[in-house]
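A short worksheet on the structure shown next.
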Amino acid sequence: MRLILNGLQIRPLSENDYRPVYRLYRQLTGAGPCYAEGDFARIFNSFFLSEDREAFVATVHNNVIGFVTLYYLEVLHHHGLVASIQELVVTEEFRGRGVGRALVEFVRGKVQEKRCHGLEIATDLWQSGAKKFYERCGLRGKTQMVAT
């Protein structure tokens, strides 16, 4: 696997990222159910109004090639603040090049910055590709992927 593309940058989501992130979201949902675009737009815009969530994009030469969403919540069983990755997707042509791993490592830094007690990953564990990816990133779990 080639690690980290030349020119790869990770930055906070901006309003100008709407179209490329929507295309990535459609890749993530595939042929399965997805929101009407109006619902997507409402949720997308909520990232700019809320302190309990963040989103970041991976770019190469200013082209968005991936994104990750991170939600923060107080959880009893973790005794405090926990971060949760709800979506992570890299465009198909850039998969296998370290972009997803770079997004996970970036998020882990944010989790430490915010002094979270853990990082949970929302994924369908039946998707062996997603499960294997997160395990390669050092995350483990039977019913949810967790890093502490």
Side-chain angles (χ1 to χ4, degrees), residues 1-5 7-18 20-30 32-35 39-60 62-92 94-148:
M1 168 174 60
R2 269 193 322 214
L3 289 178
I4 309 303
L5 294 166
L8 177 68
Q9 294 184 337
I10 299 174
R11 62 167 172 76
L13 180 75
S14 80
E15 292 174 355
N16 294 331
D17 297 322
Y18 180 86
V21 169
Y22 185 69
R23 281 193 293 276
L24 284 166
Y25 161 75
R26 295 298 303 216
Q27 283 185 26
L28 182 65
T29 59
C34 63
Y35 293 116
D39 291 332
F40 176 87
R42 179 180 50 77
I43 295 167
F44 178 91
N45 289 324
S46 73
F47 282 94
F48 306 107
L49 305 171
S50 177
E51 294 185 19
D52 67 348
R53 66 189 78 180
E54 295 180 283
F56 304 94
V57 294
T59 65
V60 171
N62 295 318
N63 294 313
V64 174
I65 61 168
F67 82 96
V68 61
T69 61
L70 192 58
Y71 291 73
Y72 302 100
L73 53 152
E74 294 278 345
V75 178
L76 290 171
H77 68 274
H78 280 290
H79 311 285
L81 193 64
V82 172
S84 176
I85 293 175
Q86 291 294 311
E87 293 95 10
L88 186 151
V89 64
V90 173
T91 191
E92 291 178 23
F94 286 97
R95 290 182 189 159
R97 297 184 183 184
V99 177
R101 180 181 293 271
L103 284 166
V104 169
E105 289 306 315
F106 183 86
V107 162
R108 285 179 126 167
K110 288 291 179 183
V111 167
Q112 288 178 348
E113 247 177 58
K114 295 220 181 234
R115 300 184 188 275
C116 293
H117 294 265
L119 171 63
E120 297 183 349
I121 313 299
T123 185
D124 293 326
L125 292 183
W126 59 267
Q127 291 180 330
S128 61
K131 183 177 181 182
K132 288 177 185 176
F133 165 74
Y134 286 115
E135 286 175 343
R136 285 192 308 271
C137 291
L139 305 166
R140 304 268 186 252
K142 291 181 182 175
T143 59
Q144 62 185 359
M145 307 299 284
V146 177
T148 55

Find the distance between [atom1] ([X]) and [atom2] ([Y]) and round it off to the nearest 0.5 Å.
X      : Y      : atom1 : atom2 : answer
Arg53  : Glu51  : CZ    : CD    : 11.5 Å
Arg108 : Arg101 : CZ    : CZ    : 9.0 Å
Glu92  : Gln27  : CD    : CD    : 5.0 Å
Leu8   : Leu103 : CG    : CG    : 7.5 Å
Leu81  : Lys114 : CG    : NZ    : 8.0 Å

Any salt bridge between Lys132 and Glu135, counting N to O under 4.0 Å?
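Looking at Lys132 and Glu135, the cut-off is not met.
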Ignoring hydrogens and angles, state whether a donor on the side chain of [X] or [Y] is under 3.5 Å from an acceptor on the partner side chain.
X     : Y     : value
Glu54 : Tyr72 : yes
Thr59 : Asn62 : no
Glu87 : Thr69 : yes

Closest contact, heavy atoms only, [X] versus [Y]:
X      : Y      : answer
Leu119 : Ile121 : CG-CD1, 4.0 Å
Val82  : Glu120 : CG1-CG, 4.0 Å
Ala83  : Leu70  : CB-CD1, 3.7 Å
Pro12  : Val57  : O-CG2, 4.4 Å
Leu13  : Phe48  : O-CE2, 3.4 Å
Val90  : Gly100 : CG2-N, 3.7 Å

Test item: [X] and [Y] side chains (from C-beta on) under 4.5 Å apart, heavy atoms:
X     : Y     : result
Tyr18 : Asn45 : no
Val60 : Arg97 : no
Leu73 : Asp52 : no

Run the side chain to side chain contact (heavy atoms under 4.5 Å, CB included) check on Arg26 and Val89 step by step: do they pass?
CA-CA 10 Å; Arg26 295 298 303 216; Val89 64; over 6 Å; no
More than 12 heavy atoms of other residues, nucleotides or ligands under 6.0 Å from CD of Glu105: yes or no?
yes
ring-ring contact (aromatic ring centres under 6.0 Å, His included) with Phe47: which of Phe67, Tyr71, Phe56?
Tyr71
